[in-house]
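For reference, the structure is listed below as structure tokens.
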Amino acid sequence: MTKSYDFDVLVIGAGPGGYHAAIRAAQLGLKTACVEREAVGGVCLNWGCIPTKALLHAGEMVHESKQAADFGLTFSGTSLNIGKLNGWKEGIVKKLTGGVSGLFKANKVTLLTGQASFVDDHTVKVGDQTHTAANIIIATGSEPATLPGITVDQQVIVDSTGALNVPDPIPGRMLCIGGGVIGFEFAHIYNNLGSDVKVIEFLPTVIPGADTDAVAAFRKSMEKQGIKVATQTKANRAEKKADGVHVELEDVKTGAKTVEVYDRVLVAIGRRPRTDGLNPEKAGVTVTDRGFIPADRKQRTNVPHIYAIGDVASNPMLAHKAMKEGLVAAEVIAGKPAEQDAVAIPGVVYTSPELAWVGLTEAEAKEKGYEVKTGNFPFAASGRAMTLQSTDGFVKMIVEKDTDLLLGVHIVGPHASDMLGEAGLALEMAATATDIALTIHAHPTLGESVLEAAEAVHKQAIHIVNR
Ligand SMILES: Cc1cc2nc3c(=O)[nH]c(=O)nc-3n(C[C@H](O)[C@H](O)[C@H](O)COP(=O)(O)OP(=O)(O)OC[C@H]3O[C@@H](n4cnc5c(N)ncnc54)[C@H](O)[C@@H]3O)c2cc1C
């Protein structure tokens, strides 16, 4: 006898992972509900990817308006209305989150509003209602990690959510604690808007995990633009005083301590999976010491009809990974042969220049035992980059020496994130550097630099001297 449930699929969380899972499940004919306690669209649409990219664009326009003097365009009497800037950013968020709600309606996904908590492995409580489902997908996401000794008030000491609210006036002195993707994106925004910004990072390198050559070029460009960067430095405590936030910094190597004063401090030291109030233990679902709900390649937890996707399941905490995992979970439930089997998950820092990568770094490739060849093509030699006044950085391509098989592509440069699509497809299709070099790329485009990097692997790039 088969039991009957209210829903075939109940998704907890309407972030990128959750809404992808819900829409795909409904497309496949499953009766689907999605529970959200705060805002449809999750972190990415409301407090993450989208609002940061809006502010990055605005900051970039400020920067470009100054650069335009190089070709004789000068502006006088320009001003930035901070209220309008924040409102414009929020308008984009509203449009997109409204779009997701509209897609739920169009696909007949039932949106349940409230805090979801497990009652048992087929039952979830939302407010004072209980709902049963044959399958449950946990997509509760993540939240900012905190630092002892530094209390976030979302006014002068902020996490990424507070930093999205640009204050008027713009802070004079700003400290970003954490030299990861989020720390640098905000550093870049505020630097372009006029703050004097410093980034500190505990580790010896910023953007840990990215290719070291690319990171070096990225850091150089950020410093050239006025952002101060200190690695192997940690913040011990922060105290609000009349003249600003006094932050005690410590040199990790020597133990030397100094106090610096800032108008705004951003804590961006990472994110942790979020399961507060969910009670996964009532469903028998395993949660690791670090708070993750581990899942297999079909996104199944230890309880076979309960799935976990996105930030709550594993690193890297990226929207496109959550989206893919949402589709996999829904398709597996619908009986399709789906699996999370991506060759590589791209990573991007949306500064200008951007830092973007897909596949193995040179160090990772060597660690895995590959003998590698690399090819570099600098944007300084790209006609298109010159016309865009953005010549910092390069494309670095890593291939296996004997087979020419593509292993990784790392780009520091303008619109690097958009160039990454080609590299990702090439990796998925097991392309060689020769395949890329033989593909006609439009001229003049930034994408030609990917072709030239492939040629450089064979010491046959045309627009640079091959060494
Ligand atoms: C400042 C910032 C910038 C970012 N920029 C990028 C970027 O450019 N590109 C990128 O790929 N990634 C970016 N990210 C990361 C990206 O936002 C996350 O990887 C993505 O949102 C994860 O999606 P998710 O569906 O797993 O979870 P989330 O987006 O965190 O969504 C989870 C949802 O579940 C809800 N929820 C949680 N618990 C419950 C419960 N018990 N009951 C009901 N609802 C619940 C939450 O309210 C939330 O809406 C950024 C993150 C931040 C903070």
Side-chain angles (χ1 to χ4, degrees), residues 10-22 33-57 89 93 97 100 111-118 124-127 131 136-145 158-165 176 178 180-189 266-280 282 291-293 295 299 307-327 329 345-351 354-356 417 420:
L10 187 138
V11 184
I12 303 175
Y19 82 73
H20 273 68
C34 186
V35 194
E36 173 54 51
R37 69 179 179 193
E38 223 176 329
V40 170
V43 169
C44 178
L45 268 61
N46 292 283
W47 313 285
C49 325
I50 296 299
T52 49
K53 266 78 263 178
L55 292 179
L56 280 159
H57 171 68
K89 169 204 69 191
V93 168
T97 54
V100 174
L111 177 63
L112 303 169
T113 304
Q115 159 78 39
S117 50
F118 278 101
V124 169
K125 196 167 169 226
V126 182
H131 305 271
I136 297 170
I137 300 176
I138 303 172
T140 50
S142 63
E143 62 197 359
V158 294
D159 60 21
S160 60
T161 304
L164 287 170
N165 213 353
C176 298
V181 178
I182 293 175
F184 266 102
E185 288 190 358
F186 280 111
H188 197 252
I189 290 167
L266 165 69
V267 182
I269 54 157
R271 297 181 62 81
R272 57 171 182 231
R274 177 169 50 183
T275 51
D276 59 290
L278 183 68
N279 297 335
K282 292 201 177 165
F292 286 106
I293 297 183
Q299 303 305 138
Y307 297 72
I309 59 171
D311 287 7
V312 75
S314 61
N315 282 313
M317 292 190 180
L318 291 169
H320 40 275
K321 169 189 157 278
M323 293 170 176
K324 173 70 181 170
E325 291 178 354
L327 301 182
I345 299 170
V348 179
V349 191
Y350 291 84
T351 45
E354 292 181 340
L355 168 59
S417 54
L420 217 53

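Just so you know, ligand 1 is whichever comes first in the structure, and atom 1 is the first atom listed for that ligand.
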Under-4.0 Å heavy-atom contact with ligand 1, by part of K321 that carries it: neither
Per-residue contact class, P144 against ligand 1 - non-hydrogen pairs under 4.0 Å: neither
Chi angles and distances behind the side-chain contact (heavy atoms from CB on, under 4.5 Å) call for F292, T275: CA-CA 8 Å; F292 286 106; T275 51; over 6 Å; no
Under 4.0 Å to a heavy atom of G141 - the qualifying atoms of ligand 1, by number: 26 (O), 27 (O), 28 (P), 30 (O), 32 (C)
Nearest protein heavy atom with distance in Å, relative to atom 23 (O) of ligand 1: P16 CD, 3.3 Å
Ligand 1-proximal atoms of W47, by part, heavy-atom distance under 4.0 Å: backbone
Protein heavy atom at shortest distance from atom 6 (C) of ligand 1: C49 SG, 3.3 Å
Approximate separation, where rounding is to 0.5 Å, of K53 NZ and K89 NZ: 13.0 Å
Shortest protein heavy-atom distance from atom 8 (O) of ligand 1, along with the residue and atom involved: K53 NZ, 2.6 Å
Close side-chain approach of H188 and V349, heavy atoms under 4.5 Å: no
Sub-4.0 Å atoms of ligand 1 with respect to non-hydrogen atoms of G15: 25 (O), 29 (O), 31 (O), 33 (C)
Within reach of ligand 1, part of S117 (heavy-atom separation under 4.0 Å): neither
Polar proximity ligand 1 side, E185 side, N/O cut 3.5 Å exclusive: no
Heavy-atom neighbours of K125 NZ exceed 12 at 6.0 Å: no
Residues forming a salt bridge (Lys or Arg N to Asp or Glu O under 4.0 Å) with E36, sequence neighbours excluded: none
Shortest protein heavy-atom distance from atom 36 (N) of ligand 1, along with the residue and atom involved: R37 NE, 4.0 Å
Numbered atoms of ligand 1 (with element) below 4.0 Å of H320, judged on heavy atoms: 11 (O)
S160 N/O under 3.5 Å from ligand 1 N/O: no
Which residue and heavy atom of the protein sit nearest atom 46 (C) of ligand 1, plus the separation: E36 OE2, 3.4 Å
Sub-3.5 Å N/O-N/O distance, C44 and ligand 1: yes
Top protein contact for atom 11 (O) of ligand 1, by heavy-atom distance: A319 N, 2.8 Å
Part of V43 with heavy atoms under 4.0 Å of ligand 1, whether side chain, backbone, both or neither: both
Contacting atoms of ligand 1, where contact means under 4.0 angstrom from a heavy atom of G310: 26 (O)
Contact atoms of ligand 1, heavy-atom distance to G17 under 4.0 Å: 25 (O)
Contacting atoms of ligand 1, where contact means under 4.0 angstrom from a heavy atom of A322: 23 (O), 26 (O)
Polar contact flag for T52 and ligand 1 (N/O pairs, less than 3.5 Å): no
Shortest heavy-atom approach to atom 30 (O) of ligand 1 - which of R274, E38, E143: R274
Ligand 1 atoms in contact with Y350 (distance to a heavy atom under 4.0 Å): 8 (O)
side-chain hydrogen bond (donor to acceptor under 3.5 Å, both in side chains) contacts in which one or both residues fall within residues 312-322, not counting sequence neighbours: S314-K321, K321-E325
Side chain, backbone, both or neither: D311 near ligand 1, heavy atoms under 4.0 Å: both
Close approach of M323 to ligand 1, heavy atoms, under 4.0 angstrom: no
Nitrogen or oxygen of G277 less than 3.5 angstrom from that of ligand 1: no
Ligand-side contact atoms (ligand 1) for residue partner R271, heavy atom cut-off under 4.0 Å: 53 (C)
